[in-house]
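Just so it is clear, the structure is predicted and the values come from calculations on it, not from any experiment. Residue numbering restarts at 1 for every chain, and letters A, B, ... go by the order of the sequence lines.
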There are 2 protein chains.
Amino acid sequence: MAYRKTDKVAARLADTRRGILDAARDLVSEGGFAAVQMTEVAKKAGVATGTLYRYFSSKEALCRQVFREVSAREMGMLAEIASGEEAASERLVKVLRTFAGRAVRGRRLSYALLAEPLDVNLAEERSFFRRTHAEIFAGLLEDGIDNGEFPEIDVRIAAACIAGAIPTALIGPLAPESHELDNNPDRVVEEIVKFCLGGAGIALAAGKSNTRERRTTA
Amino acid sequence: MAYRKTDKVAARLADTRRGILDAARDLVSEGGFAAVQMTEVAKKAGVATGTLYRYFSSKEALCRQVFREVSAREMGMLAEIASGEEAASERLVKVLRTFAGRAVRGRRLSYALLAEPLDVNLAEERSFFRRTHAEIFAGLLEDGIDNGEFPEIDVRIAAACIAGAIPTALIGPLAPESHELDNNPDRVVEEIVKFCLGGAGIALAAGKSNTRERRTTA
DNA sequence: CATGCTGGTGAACCATGGTTCATTCCTTGT
DNA sequence: ACAAGGAATGAACCATGGTTCACCAGCATG
């Protein structure tokens, strides 16, 4: 025996892996998953194409991992807000604002996660992502219904509507011209939030600090 | 000169063209645009692959045409309702119901039109389709606002929300289990319509007869 | 029916882009 | 230093599927 993986090597391997994932993620946020080509990833990561296959069994596996990492961050953020202690309406508004606000600010990446045409393997991953979103919305709605803040509605359907309305209005083909989004993203976000609340039967409830462009951190 | 197209030939050509389009449309409604392969289209239409190129300059051109024909029918239907004489709220409800109802019944085809991952060329076509939808919604909302039926809102954003909410709730990855859609599509449609109206700030106007709802847990 | 065309054919062609693998480069333990 | 691996390489390979093109078939004219 003349070789055993040492810590230093393990670290280097981990670095390379990270580098590959980062390169792929960068490509996604520049040009969507369509721009992820193995040769490009390799070039960007500074390795040979063959090397990619020492770390990921296929392009699909690599893309899945990228999708997961990126979407996990988004979902974690929303889940945290949703699990807070405030009133359901308060949390709901915050979640909607955060979701919409982040989407409008990181449009390219959000587009990739939410709307970009991609093939079935990745669509699966997206499906999970969206479902989780919807579950967060549904949970909040249910909370609000349980304690009488909201009227009774079918939370699953309402949640699906919300999960569809936001991306479409913000980053889909129907999104307002981008210059408007750039000039006054907060107004657009508020308008969308209002729509979603109204749809859920919440009459601009808890009209808290809804006054002026209050921005949720991006 | 020894040849000029005669009527009989012209008719045959038109038939072949139709046959090709029909074959392609059938493939779409079976397996989406992803299932449209030139060899398959040719087989189904009973012609050789080369023949396809005598009628359409490329696969893209063929798919565009199919997309247009199918979507034109849908849009025409909605546009007709929207241009009626009734109150705006009445027309809006009808349009929403028609849109949602048709989508839930012809789910495969609607999915292809509204949500299937497809490449950029066709996405353009879809973009037009969706935009037209949104314009119909926006027009109705505006009508209602102008004559005081509805509150003042940003009709463009609301329209985009509607256009996103319906497909997502019905046929996207967030759609309720299909058995529920199959069992009680009307209930689901009504729930979605309710959401959209609420989002637009319309308090269940012109409510047809939809008193009993039940909350289903996620 | 001969001629001149157009319509039709489908196997070959080609572009794209993911994947492989023989080879080379490094790292480790003796 | 050197042998014995593992790690990295990247050009070749291959699969997919759209497109072409040399050739054949059939219809319209004189």
Side-chain angles (χ1 to χ4, degrees), chain A residues 1-21 23-24 27-28 30-67 116-122, chain B residues 1-21 23-24 27-28 30-67 116-122:
Chain A
M1 40 191 48
Y3 187 87
R4 223 186 37 208
K5 204 181 293 188
T6 192
D7 284 355
K8 207 181 83 183
V9 171
R12 181 167 54 78
L13 294 193
D15 274 4
T16 303
R17 190 185 156 87
R18 239 319 6 108
I20 292 170
L21 283 166
L27 286 172
V28 171
E30 281 161 27
F33 282 95
V36 178
Q37 292 183 17
M38 297 307 259
T39 52
E40 290 302 307
V41 175
K43 195 184 298 176
K44 196 148 194 149
V47 299
T49 57
T51 304
L52 301 179
Y53 289 84
R54 302 191 60 75
Y55 292 87
F56 300 93
S57 62
S58 67
K59 178 189 178 179
E60 185 200 326
L62 170 58
C63 286
R64 278 184 113 98
Q65 186 62 27
V66 170
F67 199 109
E116 180 191 356
L118 33 83
D119 61 39
V120 279
N121 318 302
L122 273 190
Chain B
M1 39 222 60
Y3 187 86
R4 222 187 37 207
K5 205 180 295 187
T6 191
D7 284 356
K8 208 181 82 184
V9 172
R12 181 166 54 78
L13 294 193
D15 273 5
T16 304
R17 191 186 156 86
R18 237 327 358 111
I20 292 170
L21 283 166
L27 286 173
V28 171
E30 281 162 26
F33 282 94
V36 178
Q37 290 182 18
M38 297 307 260
T39 53
E40 290 302 308
V41 175
K43 195 185 298 175
K44 195 147 198 153
V47 299
T49 56
T51 304
L52 301 179
Y53 289 83
R54 302 191 64 72
Y55 292 87
F56 300 93
S57 63
S58 67
K59 178 190 179 180
E60 185 200 326
L62 170 58
C63 286
R64 280 184 112 98
Q65 186 62 28
V66 170
F67 198 108
E116 181 191 355
L118 32 83
D119 61 39
V120 279
N121 320 301
L122 274 190

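- Atom P of nucleotide C:dG8 and atom CZ of B:R17 are separated by 13 Å, given to the nearest angstrom.
- In this structure, A:R54 places its CZ atom 12 Å from C1' of C:dC26, rounding to the nearest Å.
- Sorted by first and then second residue, the ring-ring contact (aromatic ring centres under 6.0 Å, His included) pairs involving residues 30-61 of chain B (not counting sequence neighbours) are B:F33-B:F67.
- Pairs of residues two or more places apart, or lying in two chains, that qualify as salt bridge (charged side-chain N to carboxylate O under 4.0 Å, His left out) and include a residue from residues 50-62 of chain A are A:E60-A:R64.
- The salt bridge (Lys or Arg N to Asp or Glu O under 4.0 Å) search around A:R17 returns none, not counting sequence neighbours.
- Residue B:R12 places at least one side-chain N or O under 4.0 Å from the OP1 or OP2 atom of C:dG8.
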Distance-only check: which donor-acceptor pairs under 3.5 Å involve side-chain atoms of residues 42-52 of chain A, not counting sequence neighbours?
| residue | atom | partner | partner atom | Å |
| --- | --- | --- | --- | --- |
| A:K44 | NZ | A:E30 | OE1 | 3.4 |
| A:K44 | NZ | A:E30 | OE2 | 2.9 |
| A:T51 | OG1 | A:A48 | O | 3.4 |

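- The two residues A:V36 and A:C63 come nearest to each other via the heavy atoms CG1-SG, 4.0 Å.
- The side chain of B:A48 lies closest to C:dG10, out of D:dA7, C:dG7, C:dG10.
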Problem - Per-nucleotide protein contact string for nucleotides 15-21 of chain D (B base, S sugar-phosphate only, - none; heavy atom under 4.0 Å) - result: --SSBB-
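- Judged as a side-chain hydrogen bond (donor to acceptor under 3.5 Å, both in side chains), and not counting sequence neighbours, the contacts of B:Q65 are B:E69.
- Within 4.0 Å of B:Y55, counting heavy atoms only, lie sugar-phosphate atoms of the nucleic acid but no base atom.
- Across the protein-nucleic acid pair, A:L52 atom CG and C:dT20 atom P stand 12 Å apart, rounded to whole Å.
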